[in-house]
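Just below is one structure, and these are the notes that go with it.
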Amino acid sequence: MNRFSYSKPQQVSEALQQLSDTGRFIAGGTNLLDLMKENVARPSQLVDINALPLNKIETTQAGGLRIGALVKNSTVAYHPDVERVYPLLAHAILAGASAQLRNMASTGGNLLQRTRCYYFYDVGTPCNKREPGSGCGALEGQNRIHAILGHSEQCIAVHPSDMCVALAALEATVHVSGPSGNRSIPFADFHRLPGDTPHLDTNLAPDEIITAVELPPRGFAENFAYLKLRDRASYAFALVSVAAGLELNGTSIGAARIALGGVAHKPWRCPEVEAALIGKPATEESYRMAADALLQGAVGFEHNRFKIELARRAIVRALSEAAAGVNAQ
Amino acid sequence: MNATPVRQHRPEAESETHSISLLLNGKQVQLTVEPWTTLLDLLREHLNLTGTKKGCDHGQCGACTVLVNGTRINACLSLAVMQDGAEITTIEGLANGDQLHPMQAAFVEQDAFQCGYCTPGQICSAIGMIKEGKAKTRDEIREQMSGNLCRCGAYTNILAAIEQAMPACQGESRE
């Protein structure tokens, strides 16, 4: 790990002031310290934000839930309101990492974690995300875990989070603070596709800080599923994951949310596909139609073409489980 | 326990140290640390508490699991300076004199190890898991312990040991 200076401010304004151009905020540290040990990240300064007052889960006036950026992943997953109203979020969080990591990792940090692409992590190989212009090692390398949707010639990495897939499906809002004040970013606009700027994962400015993630009232608690498919049954990143939420009017679909993980540079959603499900019968045929539409334009690489069919089947299964209410309490 | 002096780093490197206090295995300690020292390296290299193991050093194996304010974490992915004021329990702090902690005793009785390298992390993790109170069935224990790898494959006996110690540990965390 490189040398760096360290400070621990007490207030958000103080933290924003202290952060230098080459500095980074640290909360749980589970991803940042790992990247520093690999020399992928070499900040000259760490601003420890754990003393900031961003550690609460509160009900909003709109009837939703506001989760402070410093609340630990395990605390969110086991919070009574999350278990009751947003079990999709609880299931997604508990499908990720290990218990120890969930005890350390923060809500804001989960959003900002970096891809686990082997080439991004290996400083001896080219990577446009780590070193813009150096090339992409994954395009013609080991690309079993890589993207099938939304990738570019510059980068085929995927976003690794499970929690973010649920937050995308639930249409969360990310609250941030910066030198020029506060703003809110809809979840769909928070993460970016790689395009020709794969070094940018998100639309958070370097001098901004996440303060909270807000959930709207609608939680799909009766009909939801988080289906995660991976190489081992626990403690592995998703090859494909699906966050599904349905509202049913008898036997037809009243509302639908589908977000995919493990397939793109950001949690993947198509609101048009979800809208097309409204009024359709809650049957496998409808789910297959949605899956085909969601995966339209999917392109695999040498080792990951299997993900297209895997994702298709996972979407159908997740929607079937959601409709059957098998996960509802 | 005597804190050994902080190791010298390269002379050209920036010199910056921070003073921290920890309640470490029941004893209050004052330490001076460089910000880039992980909690794991502080324990092993500076305080000679080598019971906590360095396996992968990347949060993937769980060998470095310790309890911070009663919660299990990976000591390799935390900076010592970030733990100022915390209560830290390592494998060395579990026994009461010569009397083993119920989880330690159960690991011995159930022969829940082969090489033993993952054992301190397994034991601290299991104690943390029981305190969390979310694992009741065998499958739930397996899932909740998935952050602790055992390359000897002693999982069957590890599971048996945790099940054996669970009632005694639950009694303890209620006190």
Side-chain angles (χ1 to χ4, degrees), chain A residues 1-8 23 25-38 40-51 70 72-75 77-78 83 90-91 93-106 109 113 116 121 230 232-237, chain B residues 9-10 12-18 20 33-41 56-62 64-86 121 124-126 128-129 131-135 139-140 142-149:
Chain A
M1 211 183 307
N2 62 285
R3 304 334 193 192
F4 53 85
S5 65
Y6 171 88
S7 62
K8 192 169 186 176
F25 293 125
I26 186 167
T30 55
N31 189 214
L32 180 57
L33 292 176
D34 192 28
L35 291 166
M36 289 169 68
K37 289 180 184 192
E38 297 284 8
V40 175
R42 296 180 60 84
S44 68
Q45 171 204 34
L46 288 185
V47 177
D48 180 349
I49 58 171
N50 284 291
L70 287 170
K72 300 299 184 194
N73 288 184
S74 51
T75 307
Y78 295 127
E83 287 182 330
H91 280 229
I93 292 172
L94 294 175
S98 66
Q100 288 97 317
L101 291 168
R102 293 191 295 266
N103 283 341
M104 305 171 78
S106 68
Q113 65 177 307
R116 290 340 192 262
Y121 256 80
R230 43 188 159 171
R232 60 181 181 197
S234 182
Y235 198 16
F237 289 98
Chain B
H9 54 76
R10 296 191 312 275
E12 71 272 22
E14 179 184 357
S15 179
E16 183 189 358
T17 58
H18 293 260
I20 63 168
V33 297
E34 292 163 319
W36 44 84
T37 303
T38 62
L39 176 59
L40 177 59
D41 286 344
C56 67
D57 207 24
H58 289 281
Q60 296 175 7
C61 75
C64 67
T65 304
V66 297
L67 299 165
V68 173
N69 301 324
T71 300
R72 52 179 168 158
I73 69 156
N74 300 115
C76 74
L77 288 183
S78 185
L79 297 172
V81 69
M82 293 169 69
Q83 300 300 343
D84 185 22
C124 286
S125 186
M129 178 196 73
K131 191 159 177 255
E132 288 159 15
K134 301 298 178 186
D139 278 350
E140 285 167 350
R142 284 194 190 96
E143 168 62 27
Q144 291 286 329
M145 288 295 293
S146 71
N148 292 83
L149 306 187

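None of the values given here were measured: they were computed from a predicted structure. So you know, we letter chains A, B, ... as the sequences are listed, proteins then strands, and number each from 1.
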> With respect to chain B, which residue among A:Asn31, A:Thr30, A:Asn2 yields the maximal number of heavy-atom pairs within a distance under 4.5 Å?
Replying inline: A:Thr30
>> At a heavy-atom distance under 4.5 Å, which candidate from B:His18, B:Gln144, B:Met129 has the highest pair count against chain A?
In response: B:His18
> By a 4.5 Å heavy-atom criterion (distance strictly below it), what part of A:Ala27 contacts chain B: side chain, backbone, both, or neither?
Replying inline: backbone
>> As a quick check of understanding, evaluate side chain to side chain contact (heavy atoms under 4.5 Å, CB included) for A:Leu46 and B:Val81, giving each step before the final call.
In response: CA-CA 11 Å; A:Leu46 288 185; B:Val81 69; over 6 Å; no
> So, B:Glu16 versus A:Ser5: side-chain donor-acceptor pair below 3.5 Å or not?
Replying inline: no
> Step by step, would you call A:Leu94 with B:Lys134 a side chain to side chain contact (heavy atoms under 4.5 Å, CB included)?
Replying inline: CA-CA 11 Å; A:Leu94 294 175; B:Lys134 301 298 178 186; over 6 Å; no
>> Minimum heavy-atom separation for B:Met82 and A:Asp48, please, with both atom names.
In response: CG-OD2, 3.4 Å
>> Taking every non-hydrogen pair under 4.5 Å, which of B:Thr71, B:Thr65, B:Val68, B:Asp57 racks up the most with chain A?
In response: B:Asp57
> Checking side chain to side chain contact (heavy atoms under 4.5 Å, CB included) for the pair B:Leu79/A:Phe4: CA distance, chi angles, key distance, verdict?
Replying inline: CA-CA 12 Å; B:Leu79 297 172; A:Phe4 53 85; 3.9 Å; yes
> So, for B:Glu143 and A:Ser234, which heavy atoms are closest and what is the spacing to 0.1 Å?
Replying inline: OE1-OG, 3.0 Å
> With B:Arg72, which residues qualify under salt bridge (Lys or Arg N to Asp or Glu O under 4.0 Å), at least two apart?
Replying inline: B:Glu132
>> Heavy-atom cut-off 4.5 Å, strictly under: side chain, backbone, both or neither for B:Asp84 against chain A?
In response: neither
> If you look at every heavy atom in B:Leu77 and A:Met104, which pair is closest and at what distance?
Replying inline: O-CE, 3.6 Å
>> As an exercise, state the distance from SG of B:Cys124 to CD of A:Gln100, rounded to the nearest 0.5 Å.
In response: 10.0 Å
>> Under a 3.5 Å distance rule, please check whether A:Lys37 uses its side chain to pair with a backbone N or O of B:Cys76 as donor and acceptor.
In response: yes
>> Strictly by salt bridge (charged side-chain N to carboxylate O under 4.0 Å, His left out), give each pair with a member in residues 27-36 of chain A just once, sequence neighbours left out.
In response: none
